[in-house]
Amino acid sequence: MAVAAVVVATGTTTALAGPAAPAAAEPELLSQGKPVWASSVENNDPELVAAHAVDGSMATRWASHHADPQWIAVDLGRSSDIQRVEIVWEAAHSTMYGIDVSGDGENWTNIGVVNPADGGTDVLEFTGTGRYVRMFGNTRNNIAGHSMWEFRVYGTPVPEPAEQEPEQEDEEPAKKKEQAQAEPAREPSPSPTPSAAPVVPVPPSPSPSPSARPVPDRKGPPGSVVHYIVKKKQDGTAEKIEGIAERFLGSAGRWKEIVALSKAHRQRDGKFLTDPHQLRPGWVLQLPEDAVGEGVRFGPLPGFTAKSPSPSPTPSPAAAEVSQDRAGQGFRLPPVLLPIGLGLGALLVLAGLVLAGVRLVAAARRRRAAKVTFDDSMLRTDTSAAWTVNHALRALIAACERDGLEVPGVTAVFIEGSALRLRLTNPASPAPEPWTVSEDGQNWLAPLSRLQGAPVSDGSTAQFARLVNLGMSETGRVLVDFSLARGAISLDGSVRARHEVLRRWLGEFTGNPWSGEPRVVMVGDGLPRPDQVEHASAFDQVKSEMEVGEGGVLVLSQPPSSADRDLLAERFADPEFHWVVVVLGSWPAAKWRFTARDDGWLRSGFLPEVRFDEQAAVRRGND
C-alpha cells in the first residue's frame, strides 16, 4: 500500500505568483471534478483519461503514453492561492517532476521540483497563485507511462474584485443638468485607506469572448455547423489543436471550446476525441460560430458511417410479370432434350456433393487448428542469448561492486548489433567501465566483446528474475522485466500463436540462469498441465496464496471478474507483491497488452514489434 510522505524538493521550491492566503486559513480541495487535460492518454484508452485523476476515486486513474516528458493540468475555475498539492501515484510514476501554476493556461511558473521521486503518495507544501495547476513529469520509472490515481490541489480561491453598481438611468437629464450648472463645483473627497489586504484582481482571460467577435452570416442546409478537417503536416503528424484555435478563433487558449463541441462526435474511423493533443489527419472538429479563415466549412458534420449491405435489386415490372407467368405455367424441356437435362442435373448434384465434402474437410481442419493443444513438451529458452545476457548481467554486478556503485534497476535489455544496451528504471550516472551513459542517463551501453571477457560476479541475480526474452526486433533482441508491469499482462491472438508465445515465456521464467525457480500456477480450462507447473480450476483456489513474498507466475485462461480485478489491483499496489499475472485473451483493463500474430510477430503499444518464433528479424518490405 502507498505510504504518505512529505517530499522536499531540490533547488528552489517556492515561487510566489501573488500574495498567499493567511496561514490560519484552512485550505479546501479545489481540483476535484474540475476541467482537466493532459499531454496524452495511454493508447487513447477511455478508461485512462485525465478526468479520472480528479474524480475522487481510487479505482480510476490517468495514464500517459509511454514516453517522456508528459504532463497533466487542472483548471480550478478561478485564481486561487495554492497551499498544498497531493499526488497518489500508480506503480508507473514520475521519477522527476515539477509543479507549475498559471493564470492563463499558457504561461507557467514553476513553484517546486521533486527529484528524485519514488512514487507512493506525495504531499507537497508548495505555494503559489494561479487558476491552473500542472504536474510536469520529466522522467518515469519504467517503460510504461506516467500514471496517477489522484491529483489533488488544496488552497483558497482569491476573492473577486467588488463590482461597482451601474448608475441609475437619469429620468430627467435636462433638469439634472440645470441643477449641476447652478451648484458650485466641489472638490472630490479622498478615498479612505483600506485596512484589509488589497484584493488581487482575477487575471483577464487570454482570449476574447466568442460574443466579442463578429459571427459571419452563413447559409447551408438544415443541421449545418461550422467545422474544420484536420490536415497532415509535412512531417506526417496532424495539426495541433492550439494552432487551429489560434488560426480560426484568434487565440490558442480557446482550444477547449473546440473540444467541448467535438468530443461527442464519432470520427470517420469510428473513434472519438479523447485526447485533444493527439489529433489525427482527417478528423473533423466542430468550431464555434465565430470561427473564420481558410479551410473553415459550414455544412452537415461529416462522421462515421457504418457500412450496410447492398440491397437486392428490385425486378422491373415487366420482369416480374414474366416471372409470374413462368411460375404459373412451369418450365418444360422439349422431349428430345429431357435425357440430356437429366444427365446435366445428375452431374450438378454430384459436383455439389464433392464441393460440400471439400468444405466439410476444410472446416474440420480449421476446427482442429483452433483447438490446437498447448505444446508443453519443451518449455525452452534460447540458450545462446541467455548465456550472453546472463554473462552481461553478472559483469554489470561485478563492475558496480568494483567501483562501489549500486546496481541500477533494469527495465529492458536490448542486444543491438555488437552492443548491449540497458534501459534503466531510473536515470543513473556515472557508469562503471566498460559501460557508457546516454545523455539522459536512462541507458547504459557496452560492447559485447568487452562484456564477454569481463570479470563476473557470483552474487545473486534475483533482481532480474522476471526478465523475459520476447524475441527479435528489426534492430536486435528485446528482453523486458515483467515485474515492472505492476498489473495484469494480457496476451491476445489466435490460440496457436498465443500458446506458442506463452510456452516461450514460461520457458524464460523457469529456464533462464537468472530466473531461479518461480512457482507457476495455471488457472482455468483449456490450459496445459505440464509437470513443471500447478493447475487450478478456479481463481478462488489460489487467492489466499497470492500474498507478498517471493511470488511467482499466474496464468489465467480468461479475464478475471470485477471483484478479482479489484483484488489484483490492491495486491499490485503493494511494492512487496512479486507475482506476474498473465491473462490469455483480449482484456482492455490489463496494464500491458500483447497480441501474437500468426505470422510470428508480437505486437504491443510500448515496444518495437518482435519475432517470437526466433527467426531472424526482417523489415516489412522483405516479408
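In this text the structure is predicted, and so the values were computed from the model without any measurement.
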Among residues two or more places apart or on two chains, list those pairs meeting ring-ring contact (aromatic ring centres under 6.0 Å, His included) that have a residue in residues 401-423.
none
Determine whether Ile82 and Val133 make a side-chain contact, defined as any pair of heavy atoms from C-beta on separated by less than 4.5 Å.
yes
Are the side chains of Leu602 and Glu609 in contact, using a 4.5 Å heavy-atom criterion?
no
If you round to the nearest 0.5 Å, how far is [atom2] of [Y] from [atom1] of [X]?
| X | Y | atom1 | atom2 | value |
| --- | --- | --- | --- | --- |
| Ser586 | Gln558 | OG | CD | 13.5 Å |
| Thr475 | Ile415 | OG1 | CD1 | 11.0 Å |
| Arg603 | Phe612 | CZ | CZ | 12.0 Å |
| Met135 | Asp122 | CE | CG | 10.5 Å |
| Trp149 | Trp62 | CH2 | CH2 | 14.0 Å |
| Ile99 | Ile87 | CD1 | CD1 | 4.5 Å |

Between Ile72 and Met148, is a side-chain contact (heavy atoms from CB on, under 4.5 Å) present by the stated rule, with each step listed?
CA-CA 10 Å; Ile72 182 172; Met148 62 178 66; 3.9 Å; yes
For the aromatic rings, using the six-membered ring if either is Trp, is the centroid distance between Trp71 and His277 under 6.0 Å?
yes
Evaluate the criterion ring pair (Phe, Tyr, Trp, His ring centres under 6.0 Å) for residue pair Tyr97 and Trp89; output intermediate values, then yes/no.
CA-CA 12 Å; Tyr97 66 93; Trp89 293 103; 5.2 Å; yes
Heavy-atom pair of closest approach, residues [X] and [Y]:
| X | Y | answer |
| --- | --- | --- |
| Asn110 | Gly98 | ND2-CA, 4.0 Å |
| Leu448 | Gly417 | CD1-O, 3.7 Å |
| Ala386 | Pro513 | CB-CD, 4.0 Å |
| Gln83 | Pro27 | OE1-CB, 3.7 Å |
| His66 | Ile143 | CB-O, 3.3 Å |
| Gly524 | Ser557 | CA-OG, 3.3 Å |

Step by step, would you call Leu451 with Trp435 a side-chain contact (heavy atoms from CB on, under 4.5 Å)?
CA-CA 9 Å; Leu451 292 175; Trp435 300 92; 3.7 Å; yes
Would you say the side-chain atoms of [X] pair up with the backbone N or O of [Y], donor to acceptor, closer than 3.5 Å?
| X | Y | result |
| --- | --- | --- |
| Gln541 | Ser537 | yes |
| Arg519 | Val553 | no |
| Asn469 | Gly471 | yes |
| Asn142 | Ala144 | yes |
| Ser473 | Gly476 | yes |
| Asn141 | Gly119 | no |

Taking the six-membered ring for Trp, are Trp592 and Phe594 parallel (under 30°), tilted (30 to 60°) or perpendicular (over 60°)?
perpendicular
Let me see the working for Glu42 and Lys591 under salt bridge (Lys or Arg N to Asp or Glu O under 4.0 Å), right down to the final yes or no.
CA-CA 10 Å; Glu42 180 180 340; Lys591 186 62 181 294; over 6 Å; no
Let me see the working for Arg152 and Val88 under side-chain contact (heavy atoms from CB on, under 4.5 Å), right down to the final yes or no.
CA-CA 9 Å; Arg152 307 184 186 118; Val88 184; 3.8 Å; yes
Applying side-chain hydrogen bond (donor to acceptor under 3.5 Å, both in side chains) to Gln442 and Thr139, what does each step give before you reach the verdict?
CA-CA 9 Å; Gln442 199 76 55; Thr139 56; 5.3 Å; no
Passing candidate, side-chain hydrogen bond (donor to acceptor under 3.5 Å, both in side chains) with His146, options Ser64, Ser39, Ser94:
Ser94
Is [Y] paired with [X] through a side-chain N to carboxylate O contact shorter than 4.0 Å?
| X | Y | result |
| --- | --- | --- |
| Arg496 | Asp598 | no |
| Glu47 | Arg565 | yes |
| Asp564 | Lys543 | yes |
| Arg466 | Glu508 | no |
| Arg498 | Glu500 | no |

Verify the distance criterion only: is there a donor paired with an acceptor across the side chains of Ser57 and Asp55 at less than 3.5 Å?
no
All N/O donor-acceptor pairs, side-chain side in residues 424-434, below 3.5 Å, sequence neighbours left out:
{"from": "Thr425", "atom 1": "OG1", "to": "Gly409", "atom 2": "O", "distance (Å)": "3.4"}
{"from": "Thr425", "atom 1": "OG1", "to": "Thr411", "atom 2": "OG1", "distance (Å)": "3.4"}

Verdict with reasoning, Ser147 to Arg61, per side-chain hydrogen bond (donor to acceptor under 3.5 Å, both in side chains)
CA-CA 7 Å; Ser147 180; Arg61 64 185 175 94; 2.9 Å; yes
Regarding Arg134 and the six-membered ring of Trp108, is the cationic atom NZ or CZ under 6.0 Å from the ring centre and inside 45° of its axis?
yes
Picking from Leu467, Val468, Leu422, what satisfies side chain to side chain contact (heavy atoms under 4.5 Å, CB included) with Leu479?
Leu467
